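What follows is a set of notes on a single structure, which appears directly below.
Just so it is clear, the model here is predicted, and its values are computed rather than measured. Note that the numbering runs from 1 along the sequence shown for the chain.
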Amino acid sequence: FIGVDHAVAVSNGTAALDVALAAVGVGPGHEVIVPAMTYIATINSVMYRHATPVFVDIDPDTYNMDPVAAKARITPATKAILSVGYAGHPQDYDALQAVADEAGVVMVDDAAQTLGAEYKGKRSGSLARVSTTSFHTAKIVTSVEGGMVFTDDAEIAEMVRVFRNQ
């Protein structure tokens with residue numbers, strides 16, 4: 001459905017974010033760019049990695065992370081951009097990926113509120129190097145609880161499988 005090679009189940013959406021960040025190497029001393037308007041799981045997942053969340057403003061029309069604001073907050077300590085699609089509206093992935101590429105950082109996407117939505121013909125959950133979702137009762141697709149990590153990268157998928165069991 002998502003269109004990726006690997007979908008790894010985990011216990012919940014927060015765990016999905018945690019193991020996704022771990023799999024791309026986020027750790028102590030790193031910064032992760034996050035939207036200023038988000039659920040606490042976004043921040044907790046960064047802090048579980050002993051990294052620092054760096055808040056950026058949102059676009060007032062979409063409520064998604066503003067790519068210009070994200071670019072302005074990149075520092076040498078930045079390891080990742082953690083985007084969070086809001087209310088069924090996927091991020092401007094082209095703009096955010098350009099910011100990530102220019103800075104040499106990885107983009108991780110929380111697709112819990114956009115699962116099933118499309119951006120330029122590709123489904124949310126397949127647009128970043130690694131994406132996550134939650135199956136909590138308040139989400140688009142629910143199984144009461146649970147989460148999943150999506151990626152085309154076999155190495156990231158294997159790291160996620162290792163981390164989820166720890």
Query raised in the report: Taking all non-hydrogen atoms of both residues, which atom of V8 and which atom of A157 are closest, and how far apart?
Result: CG2-O, 4.1 Å
Query raised in the report: Out of curiosity, does Y48 fall in the hydrophobic cluster containing L82 (side-chain heavy atoms, cut-off under 4.5 Å, transitive links)?
Result: no
Query raised in the report: Is there a side-chain contact between V105 and I81 (heavy atoms, below 4.5 Å)?
Result: yes
Query - Side chain proximity check, H6 to D152, heavy atoms < 4.5 angstrom - result: no
**Report entry** Full working for side-chain hydrogen bond (donor to acceptor under 3.5 Å, both in side chains) between Y119 and D94
**Finding:** CA-CA 10 Å; Y119 176 83; D94 291 342; 3.2 Å; yes
Query raised in the report: Is any side-chain heavy atom of L115 closer than 4.5 Å to a side-chain heavy atom of I2?
Result: yes
Query - Exercise: identify the closest heavy-atom pair between G29 and A77 - result: O-CB, 3.7 Å
Query raised in the report: Is there side-chain contact between M148 and F135, with at least one heavy-atom pair below 4.5 Å?
Result: yes
Query raised in the report: Is the backbone N or O of G27 less than 3.5 Å from a side-chain atom of H30, with the two atoms forming a donor-acceptor pair by type?
Result: yes
Query raised in the report: Which distance, rounded to the nearest 0.5 Å, do you find between the OG of S126 and the CZ of F1?
Result: 10.5 Å
Report task. Give the intermediate values and the outcome of side-chain contact (heavy atoms from CB on, under 4.5 Å) for residues F163 and V10. Result -> CA-CA 10 Å; F163 287 125; V10 295; over 6 Å; no
Query raised in the report: If Ile, Leu, Val, Met, Phe, Trp and Tyr residues are connected whenever their side-chain heavy atoms lie under 4.5 Å apart, and connections chain through other members, are L96 and V54 in the same group?
Result: yes
Query raised in the report: With side chains defined as the heavy atoms from C-beta onward, is the minimum distance between D18 and R49 less than 4.5 Å?
Result: yes
Requested in this report: State, yes or no, whether a side-chain contact exists between M107 and R129 at a heavy-atom distance under 4.5 Å.
Outcome: no
Query raised in the report: Where do G88 and T114 come nearest, in terms of heavy atoms and distance?
Result: C-CG2, 3.8 Å
**Report entry** Atom pair OH (Y93) and NZ (K122), whose distance is rounded to the nearest 0.5 Å
**Finding:** 10.5 Å
Query - Polar side-chain atom of T42 near backbone of T38 as donor-acceptor pair, under 3.5 Å - result: no
Report task. May I have the step-by-step check of side-chain contact (heavy atoms from CB on, under 4.5 Å) for Q91 and M65, ending in yes or no? Result -> CA-CA 7 Å; Q91 296 286 326; M65 185 184 299; 3.7 Å; yes
Report task. Side-chain contact test, heavy atoms from C-beta onward, threshold under 4.5 Å: evaluate it for N64 versus I58 and give yes or no. Result -> no
Report summary line: So CG of D57 and CG of D66: to nearest 0.5 Å the spacing works out to 6.5 Å
Query raised in the report: How about M47: does its CE atom have over 12 heavy atoms from other parts shown lying under 6.0 Å from it?
Result: no
Query raised in the report: Any idea which heavy atoms bring I33 and A70 closest together, and the distance?
Result: CG2-CB, 4.0 Å
**Report entry** Presence of salt bridge, K71 and E102, under 4.0 angstrom
**Finding:** yes
Report task. Tell me, please, which residues at least two apart from F55 pass ring pair (Phe, Tyr, Trp, His ring centres under 6.0 Å). Result -> none
Report summary line: Heavy-atom closest pair (P67 atom, V99 atom, distance to 0.1 Å) is O-CG2, 3.7 Å
Report task. Could you give me the CA-CA distance, side-chain angles and deciding distance for S83 and D109, then say whether side-chain hydrogen bond (donor to acceptor under 3.5 Å, both in side chains) is met? Result -> CA-CA 5 Å; S83 65; D109 182 50; 2.6 Å; yes
Query raised in the report: Which atom pair, heavy atoms only, marks the closest approach of G125 to A111?
Result: N-CB, 3.9 Å
Query raised in the report: Does V84 belong to the same Ile/Leu/Val/Met/Phe/Trp/Tyr cluster as V46, with side-chain heavy atoms less than 4.5 Å apart forming each link?
Result: no
Query raised in the report: Do we see a donor-acceptor contact under 3.5 Å between the side chains of E31 and T75?
Result: yes
Query - Residue pair T133, F150: steps toward the side-chain contact (heavy atoms from CB on, under 4.5 Å) verdict - result: CA-CA 8 Å; T133 196; F150 305 108; 3.7 Å; yes
Query raised in the report: With side chains defined as the heavy atoms from C-beta onward, is the minimum distance between Y63 and P35 less than 4.5 Å?
Result: no
Query raised in the report: Between V56 and V34, does a side-chain contact (heavy atoms from CB on, under 4.5 Å) hold up when you go through it step by step?
Result: CA-CA 6 Å; V56 301; V34 298; over 6 Å; no
Query - Single-linkage hydrophobic cluster, 4.5 Å side-chain cutoff, L17 and M159 together - result: yes
Requested in this report: Look up atom OG1 in T14 and atom CG in D110, then write down how far apart they are to the nearest 0.5 Å.
Outcome: 9.0 Å
Requested in this report: Using the rule that two of Ile, Leu, Val, Met, Phe, Trp, Tyr join whenever any of their side-chain heavy atoms come within less than 4.5 Å, decide whether V24 and V32 are in one cluster.
Outcome: yes
